[in-house]
Amino acid sequence: MTDPELRVSKIEDGTVIDHISGGQALNVLAILGIDGSGGVAVSVGINVPSDRLGGKDIVKVEGRELSQNEVDVLSLIAPAATINIIRDFEVAEKHRVSRPGEVTGVLSCPNANCITTEAEPIDSHFEVLGEGVRCRYCDTIIRESIADHISVA
Amino acid sequence: MSSLPLVAPPARSFRGLPRSRLASLTVHAFGAAPCGRGSDHLLSAKQLSRGDLETVLDRAAEIAADPGAVADAHGDRLLGLCFFEPSTRTKMSFDAAMKRLGGDTVDMGSVESTSVTKGESLADTVRVVAGYADALVLRHPSEGSATLASEFVDVPVLNGGDGAGQHPTQTLLDLYTIRENAGFQDLTVGIMGDLKYGRTVHSLSHALTNVDATQHFVSPESLRLPRSVRFDLHEAGAQVREHTDVDEVLETLDILYVTRIQRERFPDENEYRKVAGEYRIDAGLLDGVDDDLTVMHPLPRVDEIAPDVDETTHATYFEQARNGVPVRMALLDLML
Ligand SMILES: Nc1ncnc2c1ncn2[C@@H]1O[C@H](COP(=O)(O)OP(=O)(O)OP(=O)(O)O)[C@@H](O)[C@H]1O
Ligand SMILES: [Mg+2]
Ligand SMILES: [Zn+2]
């Protein structure tokens, strides 16, 4: 194998999230709700040398594609990420992420008194600001470490 | 009074009713609301433009001058009262306002007596009550509750206070009182007390940006305005001037708006007593100030305004409370 990014065996069908900002791979796994317990095959590269980013992280998930809500939150913590959809061992689609206007689900509101933290039939909903995000329900702004507010399902 | 149909009309026909006066509010303000889904809800003071404020306040002044003219205006309308927290003023004044418009209210009752104690969600409760009424007033301890409610019902939702969030109808009566006593021209307002959790403060400060008021915020460090409110004030082009001592600004003020500092915000009794004592006003403190200073308070007050202030020309809080009825009549008249 000559490709240094293919240190583990190739995946047949799934997703490669590439060009993740260095150090964010574990947060990307959290967005995907992957904690190792579900039996999904995952390989993670942390601080892999990269021309474009200096050091980057990379996450490869077998048999799984991302939902739009996951991609939206991903774009907030890894704005340079590339999402490669792998089918039959080849890159079938390649997408750059872009900053969305709002994100639904995935993040939870840090305000313990927010109605979204109660047992109500709604998803969390955040407006994306120039810097940070803001809860549509209670107006709370998250500016630092958005990844700390990824909800653990 | 015309009889009510036995079967509730489909939600859309509500919007089909004559609503010429509502149109101005809906189209220009509530329709452009950043929150809610573009319906005629009143969820936050942030929705209200200067034009909307003037529309409601002008209508309130007309109604105050001649309440008889609207005594039968809404004889076929029912307002649903959903108060998940105790309330005296907001609930009673909405009840009075609706009845003085010829309409009536249906009241969910106290939380202890409802299905909420059986674990019913807010989304379910408001959907049921919306089937009984033409509009809902909601008071709830969680921030964002009114926004949530507005997403589940087809009747207008009026936010009667959501946790430490917003209280826009209080703001309208506050503005009415301010306009009557000081006018909006070159207005300087001091807002004092619990600025962190005070929903009346969050609503009022935003609304005051519409009239370009100079605002001074006076509080202990631990109860200063939350980041989200400071963010909105900056976005609205207002300068946020924060102080810990009311003496620094007292002489420049047209309005001093005092709010209650709650015991439960402090870890211990001593700390609370110390802070509460520093944010208390009495007749002695107001001795040297201009006679024109208007002192307001959303009530209930505990110790933060000494009873000796009641006897001064500054005291305006009971007048303010009274204004709740014509202002809420005006709002209901425009929205129903
Ligand atoms: N079948 C596969 N299994 C695992 N990883 C794969 C597979 N196919 C490609 N990859 C990885 O997916 C990423 C994108 O593959 P690609 O061949 O498009 O590389 P590239 O040309 O370097 O792309 P880019 O320009 O986005 O960096 C690389 O990190 C590559 O190692
Ligand atoms: Mg590459
Ligand atoms: Zn929230």
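As the structure is a computational prediction, the values presented were derived from the model and not from experiment. Naming convention: chains lettered A, B, ... in sequence-line order (proteins, then strands); numbering from 1 in each chain.
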Count the heavy-atom pairs under 4.5 Å between each of A:T140, A:T116, A:L129, A:I141 and chain B, then report the option with the highest count. A:I141

Can you say whether B:P226 sits under 4.5 Å from chain A via the side chain, the backbone, both, or neither, judging by heavy atoms? neither

Give, as side chain, backbone, both or neither, the part of B:H202 having an atom under 4.5 angstrom from any heavy atom of chain A. neither

[X] side chain near [Y] side chain, heavy-atom distance below 4.5 Å:
X: B:E143; Y: A:N111; answer: yes
X: A:D139; Y: B:K46; answer: yes
X: B:D162; Y: A:Y137; answer: no
X: B:F152; Y: A:E120; answer: no

Between B:E151 and A:R136, is a side chain to side chain contact (heavy atoms under 4.5 Å, CB included) present by the stated rule, with each step listed? CA-CA 12 Å; B:E151 293 172 352; A:R136 166 208 183 105; 2.9 Å; yes

Check each atom of A:E118 against the heavy atoms of chain B and say whether the ones under 4.5 Å are side chain, backbone, both or neither. side chain

Measure distances from A:I122 to the heavy atoms of chain B and classify the residue's part below 4.5 Å as side chain, backbone, both or neither. side chain

Heavy-atom pair of closest approach, residues A:A119 and B:S121: O-CB, 3.9 Å

d(B:L122 CG, A:I115 CD1) to nearest 0.5 Å is 5.0 Å

B:L148 side, atom CG; A:C114 side, atom SG - distance, nearest 0.5 Å: 9.5 Å

In terms of heavy-atom pairs under 4.5 Å with chain A, the winner among B:G165, B:A123, B:G163 is B:A123

Is the number of heavy atoms from other residues, nucleotides or ligands under 6.0 Å of B:Q239 CD greater than 12? no

Closer than 4.0 angstrom, basic N to acidic O: yes or no for A:R134 and B:E235? no

